[in-house]
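Throughout, protein chains are lettered first and strands after them, A, B, ... in sequence-line order, and every chain is numbered starting at 1.
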Number of protein chains: 2
Amino acid sequence: MKKVKRTTIYDIAEKLGITASSVSRALNNSNQVNEKTKELIIKTADELNYKRNTLASNLRKGQSKTIGVVIPRINQNFFSNVIAGIEEVTYQKGYSLIICQSDEDHDKEIQCVNTLINQHVDCIVISVSADGNDYQHLQNVLDHGIQLIQVDRVAEELETLKVINDNVQASYEAVSHLIEGGYKRIALLEGPQNLSIFKQRKEGYLKAFKAYNVPVIEELIVENAWTKELGAEGTRKLLSLPHPPDAIFASTSDFSALGVLDVANAMGIKVPSQLGICGYANESFSEITSPSITTIDQFSVYMGNTVANLFFQEIGNNDTITKPKIISIKPELIIRGSTKRNG
Amino acid sequence: MKKVKRTTIYDIAEKLGITASSVSRALNNSNQVNEKTKELIIKTADELNYKRNTLASNLRKGQSKTIGVVIPRINQNFFSNVIAGIEEVTYQKGYSLIICQSDEDHDKEIQCVNTLINQHVDCIVISVSADGNDYQHLQNVLDHGIQLIQVDRVAEELETLKVINDNVQASYEAVSHLIEGGYKRIALLEGPQNLSIFKQRKEGYLKAFKAYNVPVIEELIVENAWTKELGAEGTRKLLSLPHPPDAIFASTSDFSALGVLDVANAMGIKVPSQLGICGYANESFSEITSPSITTIDQFSVYMGNTVANLFFQEIGNNDTITKPKIISIKPELIIRGSTKRNG
DNA sequence: CTGAAAGCGCTTACAG
DNA sequence: CTGAAAGCGCTTACAG
């Protein structure tokens with residue numbers, strides 16, 4: 001690649017016999033510059049194929065107009081939808097997005113966050129990785145005066161802006177739906193309990209039992225079943241119990257619910273008549289399986305929109321101290337074939 | 001958010017009674033600085049919670065260590081996989097990724113590209129939108145001395161680095177598979193022909209007919225059927241023909257193949273016995289449908305890896321002129337239930 | 001090994 | 001409305 005000398009405002013100024021100050025003003029559409037010269041400057045800039053150096057501009061202005069996003073995996077529907085939702089809003093405001101994936105690795109997450117601090121991003125949006133629960137690196141973000149917005153998977157103890165789902169309520173509704181459908185032995189596939197979202201989903205599960213006065217059966221609660229493989233593994237264990245469950249709430253994700261369905265199909269167990277299945281997240285595939293999977297829609301794109309709007313609202317806000325705002329989005333239970341026993 | 005004065009190298013220098021030059025050198029691990037002072041500087045930087053301002057550093061060095069990516073949609077499996085693949089490699093080299101989505105809109109694509117030029121990214125990776133075939137904005141990238149790598153959906157006429165699939169070969173194999181499976185009337189759902197990938201897939205389709213000496217039936221070729229909805233619509237038309245097809249190659253995507261499957265299911269047409277279906281892209285859901293869908297795996301994550309590696313290889317290369325390199329990745333036909341007529 | 005100085009490309013308070 | 005000048009935070013060729 002050959003090095004190209006780029007046009008700067010000095011080149012334009014020189015060509016027109018004026019100063020860079022005026023050029024800068026004109027290109028920023030300041031009204032304290034003569035209309036005619038402004039036009040001339042813009043025209044010349046265009047002719048010389050001038051592109052502003054955002055780096056220099058931002059350095060001078062002490063901002064970066066950039067938002068950093070740290071998520072566990074880009075290529076997971078929920079997260080890519082959140083990103084798409086953020087991008088929709090930020091793009092219009094002239095902000096760029098820098099994306100990092102932590103790969104569910106706490107150390108990489110720390111590295112990502114540090115890189116973003118170095119980049120002097122104006123805001124960091126994060127969904128924490130499952131592994132690790134030391135949040136010094138996030139405190140560090142705040143200490144640098146960078147806006148921090150947590151989304152979905154949040155470190156609860158950190159007082160920051162948060163955009164979350166009402167996981168308790170959603171799980172409560174899902175399990176209630178199963179109970180009302182006549183399922184008697186409802187198992188839970190739970191996720192890593194250091195993540196509050198998974199704790200809350202368990203809480204919703206337990207709450208439903210209490211509300212309907214149904215006793216909780218401890219042996220039907222399976223730890224750490226939060227991938228398709230682990231979900232399948234947990235299901236095999238559950239179904240080989242002397243008293244197997246007649247429904248499974250895969251609270252961690254639809255991936256794990258898919259593992260359940262696979263095992264059920266492989267064992268010739270009929271869904272939903274012999275086994276009800278409910279997932280979480282409304283991944284696109286959950287509609288396509290046979291039977292389709294009952295799940296919970298988190299409005300992921302909308303969550304992304306909300307994150308972005310929250311950021312812009314906050315920067316418009318000149319209070320010296322940001323009160324920790326938490327926006328909780330109510331998810332929606334989507335009832336599909338995998339739990340429709342009657343009808 | 002309160003404004004925080006960040007620690008700079010001057011703060012460190014002042015505290016230690018030395019100059020910023022030395023601090024800079026130490027923090028860049030230069031070996032022309034006393035080992036002991038270096039240690040002291042690093043320790044002090046740590047104590048003062050110093051973070052380098054990458055903006056300033058990059059401005060000075062005339063590089064940004066940033067790669068811009070423009071894709072039609074972030075939340076589409078293929079593209080998010082490509083991004084994940086790029087990120088895997090660039091992250092390790094200390095490069096950041098700025099992501100923009102064009103929403104399949106040519107004007108937005110131009111805006112995205114211009115924003116990235118303004119950001120002085122070192123490289124732009126693009127998969128062009130379907131709409132529009134004027135590539136002045138991409139020429140402009142080259143004119144600014146920015147590396148341009150096209151991936152998957154490429155503007156053929158532009159001589160740049162490209163990472164693509166062998167679409168002709170893949171389609172040829174898919175259609176050959178259908179012919180050998182005994183399907184006699186094989187329809188084609190084609191995509192916008194201004195995108196070369198879709199032209200090539202059609203070419204592969206035609207090539208297979210020629211190889212097997214089967215006449216092409218024009219009425220079985222459906223234009224612009226490249227979404228689930230358009231695929232379904234095209235299928236309805238095809239199946240209501242006096243001589244309907246007994247197989248459909250949804251060359252545009254698995255989404256379109258899914259549309260075919262939905263219509264077939266709704267009409268009570270048995271897949272694969274009465275109708276064979278082949279999709280494209282190996283989206284995760286194609287494995288889950290009933291029957292599962294035969295498709296073509298493009299190794300999307302690997303394509304992303306390749307893009308990144310190509311970039312790093314090129315910047316290591318000091319030739320004044322970059323020869324347009326094209327890396328073609330051979331996709332793989334994945335045979336599944338939707339075309340397994342015998343067995 | 002260390003410092004003084006210039007400069008990356010822009011913006012903006014100050015003067016006129 | 002326009003200019004001269006300083007400065008954002010860093011890096012680096014030059015001198016010693």
Of the nucleotides D:dC10, C:dT12, C:dA4, which one has an atom closest to the side chain of B:Tyr50? D:dC10
Under a 3.5 Å limit on both distances, the Watson-Crick or wobble mate of C:dA13 is none
Quick one: on DNA chain C, does A:Lys61 or B:Tyr10 contact a more 5' nucleotide (nearest heavy atom)? B:Tyr10
Would you indicate what B:Arg6 reaches in the nucleic acid, counting non-hydrogen atoms under 4.0 angstrom: base, sugar-phosphate, or nothing? nothing
Write down the distance between NE2 (A:His144) and C1' (D:dG9), rounded to a whole number of angstrom. 14 Å
Are A:Asn81 and A:Ser300 linked by a side-chain donor-acceptor pair shorter than 3.5 Å? yes
Taking atom types as modelled and ignoring hydrogens, do the side chains of B:Gln111 and B:Asp107 form a donor-acceptor contact shorter than 3.5 angstrom? no
The side chain of A:Gln32 lies closest to which of these nucleotides: C:dA4, D:dG9, D:dC1? D:dC1
Nearest-Å distance for atom pair CG/P, residues B:Asn28 and D:dC10: 10 Å
Have a look at A:Ser22 and say if it touches a base, only the backbone sugar-phosphate, or nothing, with a 4.0 Å heavy-atom cut-off. sugar-phosphate
Taking any heavy-atom pair under 4.0 Å as a contact, classify B:Ser21: base, sugar-phosphate, or nothing. base
A:Asn58 near the nucleic acid: base, sugar-phosphate alone, or nothing, with a heavy-atom cut-off under 4.0 Å? nothing
Are side-chain N/O atoms of B:Arg6 and B:Asn49 paired as donor and acceptor at under 3.5 Å? no
Nucleotide forming a Watson-Crick or wobble pair with C:dA4, both distances under 3.5 Å: none
Side chains of B:Glu109 and B:Ser129: do they bring a donor and an acceptor to under 3.5 Å? yes
Nucleotide nearest B:Thr8 when distance is taken to its side chain, options C:dA4, D:dT2, D:dC10: D:dC10
In whole Å, I'd like the distance from the CG atom of A:Leu27 to the C1' atom of C:dT12. 15 Å
Reckon B:Ser57 touches a base, only the sugar-phosphate, or nothing at all at heavy-atom distances under 4.0 Å? sugar-phosphate
Can we say A:Lys108 and B:Glu87 salt-bridge, meaning some charged N sits less than 4.0 Å from an Asp/Glu carboxylate O? yes
Whole Å only: how far is the CG atom of A:Leu59 from the P atom of D:dG9? 7 Å
Select from A:Glu35 and B:Arg52 the residue whose nearest nucleotide in DNA chain D is closer to the 5' end of that strand. A:Glu35
Calculate the interatomic distance between B:Gln63 atom CD and C:dG9 atom C1'; express it in whole Å. 16 Å
How long is the line joining CD1 of B:Ile12 and P of C:dT2, in whole Å? 16 Å
Within the structure shown, what part of the strands sits under 4.0 Å from A:Asn31 by heavy-atom distance: base, sugar-phosphate, or nothing? sugar-phosphate
Measuring to OP1 and OP2 of C:dG9, would you say a side-chain N or O of A:Ser24 lies under 4.0 angstrom away? no
Rounded off to whole Å, could you give me the CD1-to-C1' distance for the A:Ile18 and D:dA4 pair? 14 Å
Scan A:Leu55 against the nucleic acid and name what it touches under 4.0 Å (heavy atoms): base, sugar-phosphate only, or nothing. nothing
Atom pair distance, as rounded to whole Å: NE2 in B:His120 and P in D:dC10: 20 Å
For A:Thr54, which contact category applies under a 4.0 Å heavy-atom criterion: base, sugar-phosphate, or nothing? nothing
Any salt bridge linking B:Lys65 with B:Asp122? Criterion: basic side-chain nitrogen under 4.0 Å from a carboxylate oxygen. no
